[in-house]
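Atoms within each ligand, like the ligands themselves, are counted from 1 in listed order.
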Amino acid sequence: MIRTFSTHNIRPQEELTGCLWEFSACQGEFANKTYQVATPSCWENYPDFSGYRGEGIYKTSFQASGNIRLEFKGVSHTATVTLDGKVIAHHYNAYTSFSAIVKELPEGVHELKIKADNRFSEASALHIPNDYMSYGGISRPVVLEKLKDVYIKYVHVTPYTKKGSWNAKIVIAVENIDSRSHQITLKTELAGKSLEWDTVDIGAESELILSKEVAFDDVEVWAPENPKLYNVVAVVREEGMEIDDLIDRFGFREVKVEGKKIVLNGRTLRIKGLCRHEDHPQFGCALPYSAIAADIEITKHLGANSLRTAHYPNDEIFLDLCDEQGILVWEENHARGLSVENMKNPNFRPQAEQVIREMIPMHYNHPCIYIWGILNECASDSEYGKECYSKQFDIIGELDTTRPRSFASCKFKSDLCLGLPEVVSYNIYPLWYHDTPVEEYLKDLYEWVQKETEGSGKPFLVTEIGAGGIYGYHNSYNSKWTEEYQAETLEKQITAVMSQPGCSGVYIWQFCDIRVSEEWFWVRPRTMNNKGVVDEYRRKKLAYNVVKRLFESYQTYDEK
Ligand code: ADA
């Protein structure tokens, strides 16, 4: 499955993954042995490669001719792509998609090879040994499309209210890949409104960005309790022929920050969420549709209204499902716990900034995303770190002015960046990493932010809080790592956060147990992060019913 809905009626599109590809490793004891493997997948799920860190080559072939576009939704973590032996794309980072256009392909069968590399080195500033796993493989779909000379790159819809009624700005990017100019006409339909656009000339090998404003009389809003989605359909015509199209979905909803409140469609939000990694013992980070859907079912069953994509952009299928099911999403660029030294890797700034520039245009229309996050627990307590945070918030501001920005800090009272984002967020672990009573710790931190920092008067989120609990582990004194300790601790933590005046909500760390890098074995029993409310197989721990009981007792809106 590519998306949960069809994005084209005119442009021919087929998924090249969803079948067996040839795989061979470049290093290690099984190098150059050939395997037939299902894709999308991670090689850690192939019997000979469960711990393999190296390069692997995937190969398939397809029949095509003319102009083609190949889209790679996710290759972990560095990809080099060749078509018929010629390099057509190179991409760093497992969590954002990239594409390649090949013009005038001769008729015939063509060989596509993707070399994936999940090694750690100076070349990789974001995928480093960490408290989550950097897998290897083709982790998300690969899609083959056939193009004419002009195609639609993206359609962005920005709904907004004016004098109490709904409007939308629609922006369409069209690209001419031909060496000659073309004369084209656009036609769009969104939420039942058809728009004719003027005929325009698009120059040789150039891009055109066109926009229109539209007013609507009677539409339903998108909200957690009513996740109403509308299609936007854009069609390119040339000489009366429809030559390309793009279909996307959007929702009529507005997110604003008003003082200390995060406001959705005029109502104050109370977040009751969980942080979720894309991780599964059978699929690595390449979760299939049914596994993603099952995680969202659990999320709803827990009474949660939000998921935080810790710590990277997520699969579009996940976002499609959150749009459809009314789950609010905090989506963030890829980073976890990078020190000043890590951030001074010359690859860090370009790589981290590129994730933002890829994530936002690709995910712009998803109504479920209500906030953009960056740089989880990086060096926001240093002047150099502050420069990096500031630049990345500026990039978000260039790409999207409709959503608030934030970052999850672990720097307690030494953070220097609280003046940068619209929303202040902290990861805190009272009763786990330190045995301070939760209320006392949170009140002290919250009041420091209000009295001493530029984060004063802003919405305040607890973006991580939790405790470890090993599935099935119990003892006579309910020590740390028992399910009992985790359940008792979450009870105190959630209650304290949700009763802290001025706090907009909580994200539990974390949804499920996850695999971590081998290098973290000494601080992670089972070489896993065991703070899930369910274990890696989504088996409920004692904490599950505590979270469910508490979350179901809180409303999504604060009507006070
Ligand atoms: C941090 C970090 C998470 C995870 C967590 C933990 O807050 O953001 O990724 O490592 O700590 O389990 O300690």
Protein contact of atom 9 (O) of ligand 1 - nearest heavy atom, named by residue and atom, plus distance: His311 NE2, 2.7 Å
Test item, Arg308 contacting ligand 1 (heavy atom, 4.0 angstrom): no
Presence of salt bridge, Glu536 and Arg526, under 4.0 angstrom: yes
Nearest-contact summary for atom 2 (C) of ligand 1 - protein heavy atom, Å: Glu464 OE1, 3.4 Å
Pairwise side-chain contact, Val506 with Ile271, heavy-atom cut-off 4.5 Å (strictly under): no
Side-chain donor-acceptor contact under 3.5 Å, Glu358 with His91: yes
Atom of Glu483, atom of Lys541 and distance for their closest heavy-atom approach: OE1-CA, 3.2 Å
Under 3.5 Å: N/O of Arg336 near N/O of ligand 1: yes
Which residue and heavy atom of the protein sit nearest atom 4 (C) of ligand 1, plus the separation: Asp131 OD2, 3.4 Å
Atoms in ligand 1 flagged as close to Glu377, the criterion being non-hydrogen separation under 4.0 Å: 1 (C), 2 (C), 7 (O), 8 (O)
Salt bridge flag under 4.0 Å for residues Lys451 and Glu447: yes
Closest to atom 13 (O) of ligand 1 (judged by heavy-atom distance), picking from Tyr433, Tyr429, Tyr132, Trp509: Tyr433
Any donor-acceptor pair under 3.5 Å from Ser517 side chain to Trp520 backbone: no
Under 3.5 Å side-chain donor-acceptor pair for Asn475 and Thr482: no
Interfacing atoms of ligand 1 (cut-off 4.0 Å, heavy-atom, Asn376): 2 (C), 8 (O)
Atoms in ligand 1 with a heavy atom of Arg524 nearer than 4.0 Å: 6 (C), 12 (O), 13 (O)
